[in-house]
Trainee: 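I have a structure here, written as structure tokens, and I will follow up with some questions on it.
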Amino acid sequence: MKTYKNIFKATSLLAVMSLSLASCNDWLTVHPQTQIVEENFWEDKNDLEGVRYAAYKNMAGQVEKMIIWGDLRSDVYRLNTQQSSKQGNRDNFRNIIQANIDTTWSYYDWSGMYSTIGYCNKVIQHGEEVLEKDKQFTASEWRQMKAEMVTMRALSYFYLVRAFKSIPYTTKVVNSDTEVEYFPQLPVLDVMDSLITDVESVAGQARNRFVDKQETKGMITNAAIYALLSDMYLWRASLRQGRSAADSTITQAMVIDDYQKCILNSELSVSKLKEQFDEDMKGNIGASRENYMSWAGAPLFNGKSIDFMYKNDVDEANRGYVNLNAYREIFNNGNSYESIFELQFSSSDSRKNETVNSMWGSSEGTHLVTTFSSDNKTDMRYWFSGWKNIGGALTAADYYCLKWNNPLVVFTSGIGTEQVEIAMIGSTDEYNNWIVYRLSDVLLQNAEARACLVQLGVDAADNKTVCQQILRMINRRWWVDVVNGGEAANDVATKKDYDIDATVNGNDAYIKHVMDTRKIEFVGEGKRWFDLVRYAERLSDSDESEAGMRDMYDTFMNIITGYETARNRCENLWGLYSPIYYMECKAYRAGGSNITQNPVWNKSKYDR
């Protein structure tokens, strides 16, 4: 992709930076990142852009870590029944799923994320200097670039916080040997406070869109900034809600304020996404509106309606034809109007996203299948996220996720009846973009925050209404009547028989409904384990508490064979987080400093 282009001079700097980092035993300790004389490098905008693009490219190289940290241990996956030597990570993945974790596995090496942070820090440090030197580089361009890099840095740290909890944090750049130092770990709430403050300081200062749609979706825009803020406020609210029972410095007012700010920022993100869509439509006057949902009775988001959500349907005249337009645009084509930020992979620069095809699919080398155990013919998400009939093979043992395999839907028999057989025929795409945020995510962040406010008794009636409307929008888009054809009703203010109605089961059911919707909506997108950890945090008054961890396992993980063993291995809330890579601990000790290993994993796996 052209947004990950290389600029020759910047490439020279980054090559030296990479060699410097690679030669160091300590992946986090900040060392001098270049032997090039810095004052001779940072001369014009191109120098900043080269390192800026490197930050994006480097983050794209962390997709496997994002999946293992944020999804693998969840209630969605188990190992492929069909074993093969091509499943090179099978044994390790089995152990991770069973919470039999080893600190020597490089899956927990966080150096890649800290490298991205290092690139961001470099750009942020030298931006003002370049602005002084390069008269063609404007203050507006620098403000936008700085907003991108501050947000990318925060996003990288946010992945680390959700994966490891207590992490070393710095915004410092090291430029000489005398500045080498080991940065201490900070408590999770301290890091979250810093991240939110940093991103709030640049909110609204990035570009709303780029000229090229690929860049609009592949780089940080204001829509992405607000999406990240929404996500971080939701996490901090959850952390604070759990701790408020035991920590007098955390008040319920602080918790409520964070949930409300999550809602505010999610709505700002949606409105910026709407602005992107409207601008594109101005240049495409004759564009058909038939492929988009036309919602009635739906809430407004920062005063704007959602009229750019892709539509699916079964042709009424020919019920063997299924229009999976939403799937095709979001996952197959990529960079859709619903996309907020996705890491780019392209044949033009030979950058393959091989990880998703190793994790999911239906090939011999597929590591993971889903835990779904029955066909759902009325929800199209199951067809490409967890389906058994692959290419007409009705005897398949597993329910496969084909989300990244461009599947074709075929009604093979019983067309127009409830006995219809639906087969999925997958292919291979080595260049799938990796979606970090999309419309459904920020909408469900909004719904989750509202569900939590319902539990706290805050504006319960209004929050129940909007939460339910959002859930209907997300779920109905994928509903289909395979017998009669057509599409789901567009009036989300009115309940339909196929809606899951939380109101009949009390206030706690709203959270469960959001969690269930996120589970099927984001299969194969690296989010589910983080969702479960966030749920457990809300029920934990300390890091050593067992209550939240056990509740989460007993509520959601009980469909996993042997889940009790995994739950017992976790011991307490710390067990839901990843261990620090052993080489990091070793390097800290060698440097005369110390880093505290996750206490649950501070032992050999053979001792558990």
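Note that the coordinates shown come from a computational prediction; the quantities given were computed from them, not determined experimentally.
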Trainee: Between the side chain of Q597 and the main-chain N/O of I580, is any donor-acceptor distance below 3.5 Å?
Mentor: yes
Trainee: So, T355 side chain and V63 main chain: donor-acceptor pair closer than 3.5 Å or not?
Mentor: no
Trainee: How long is the straight-line distance from CD1 of I250 back to CG of L239, given to the nearest 0.5 Å?
Mentor: 8.5 Å
Trainee: Answer yes or no: is there a side-chain heavy-atom contact under 4.5 Å between S358 and E354?
Mentor: no
Trainee: Test F331 against W404 for ring pair (Phe, Tyr, Trp, His ring centres under 6.0 Å), laying out the working first.
Mentor: CA-CA 7 Å; F331 303 108; W404 305 108; 5.7 Å; yes
Trainee: To the nearest 0.5 Å, what is the distance between CG on N446 and CD1 on I263?
Mentor: 5.5 Å
Trainee: Between S540 (side chain only) and S542 (backbone N and O only), is there a donor and an acceptor less than 3.5 Å apart?
Mentor: no
Trainee: Using a 4.5 Å cut-off on heavy atoms from C-beta on, say whether the side chain of W110 contacts that of L160.
Mentor: yes
Trainee: Judged by atom type as modelled, is there a donor-acceptor pair below 3.5 Å linking the side chain of N58 to the main-chain atoms of A54?
Mentor: no
Trainee: Looking only at the aromatic ring of each residue, does the gap between the centers of F183 and Y588 stay below 6.0 angstrom?
Mentor: no
Trainee: Supply the atom-to-atom distance M359 CE to N357 CG, rounded to the nearest 0.5 angstrom.
Mentor: 11.5 Å
Trainee: Keeping the roles fixed (side chain from K165, backbone from V188), state whether a donor-acceptor pair exists under 3.5 Å.
Mentor: no
Trainee: What do you reckon, are the aromatic ring centroids of Y259 and Y233 less than 6.0 Å apart?
Mentor: no
Trainee: Is it the case that the side chain of T251 and the backbone of M254 share a donor-acceptor pair, with hydrogens and angles ignored and the cut-off at 3.5 Å?
Mentor: yes
Trainee: Looking only at heavy atoms, which two atoms of D71 and G526 are closest? And how far apart?
Mentor: OD2-N, 2.9 Å
Trainee: Is it true that F308 and Y292 have ring centroids separated by less than 6.0 Å?
Mentor: no
Trainee: So, E521 and R528, do they make that salt bridge, N to O below 4.0 Å?
Mentor: no
Trainee: Just grab all the salt bridge (charged side-chain N to carboxylate O under 4.0 Å, His left out) pairs involving residues 255-268, residues at least two apart or on different chains.
Mentor: R236-D258, R240-D258, D257-K261, E267-R450
Trainee: Carefully, step by step, assess K45 and D134 under the rule salt bridge (Lys or Arg N to Asp or Glu O under 4.0 Å).
Mentor: CA-CA 7 Å; K45 179 175 71 171; D134 185 355; over 6 Å; no
Trainee: Taking Q185 for its side chain and T596 for its backbone only, find out whether a donor-acceptor pair lies under 3.5 Å.
Mentor: yes
Trainee: Checking side chain to side chain contact (heavy atoms under 4.5 Å, CB included) for the pair E64/I68: CA distance, chi angles, key distance, verdict?
Mentor: CA-CA 6 Å; E64 183 184 46; I68 292 173; 3.7 Å; yes
Trainee: When rounded to the nearest 0.5 angstrom, what is the spacing between CG in L453 and SG in C262?
Mentor: 9.0 Å
Trainee: Taking NZ, NE, NH1 and NH2 as the nitrogens, is one of them in K304 or D278 under 4.0 Å from a carboxylate oxygen of the other?
Mentor: no
Trainee: Is the closest side-chain donor-acceptor distance between R153 and N121 under 3.5 Å?
Mentor: yes
Trainee: Using salt bridge (Lys or Arg N to Asp or Glu O under 4.0 Å), reason through D231 and R162 one step at a time and then give a plain yes or no.
Mentor: CA-CA 11 Å; D231 206 358; R162 288 177 292 176; 3.7 Å; yes
Trainee: Looking at Y157 versus Y169, is the centre-to-centre ring distance below 6.0 Å?
Mentor: yes
Trainee: Quick one: which of Q125, H126, E129 gives a side-chain hydrogen bond (donor to acceptor under 3.5 Å, both in side chains) with W42?
Mentor: H126
Trainee: Test N302 against every option in S266, S271, S269 by the side-chain hydrogen bond (donor to acceptor under 3.5 Å, both in side chains) rule and name the one that passes.
Mentor: S271
Trainee: Okay, side chain of D44, backbone of V130: is any donor-acceptor separation there less than 3.5 Å?
Mentor: no
Trainee: Indicate yes or no for a side-chain donor-acceptor contact from E430 to the backbone of N353 under 3.5 Å, with no hydrogens or angles considered.
Mentor: no
Trainee: Would you find a donor on one side and an acceptor on the other, under 3.5 Å apart, between the side chain of R518 and the backbone of V514?
Mentor: no
Trainee: Which residue in the set Y107, W529, F164, Y108 passes ring-ring contact (aromatic ring centres under 6.0 Å, His included) when paired with W69?
Mentor: F164
Trainee: Who passes salt bridge (Lys or Arg N to Asp or Glu O under 4.0 Å) against K146, sequence neighbours left out?
Mentor: none
Trainee: Can you spot which of Q276, E342, Q344, E338 makes a side-chain hydrogen bond (donor to acceptor under 3.5 Å, both in side chains) with K217?
Mentor: Q276
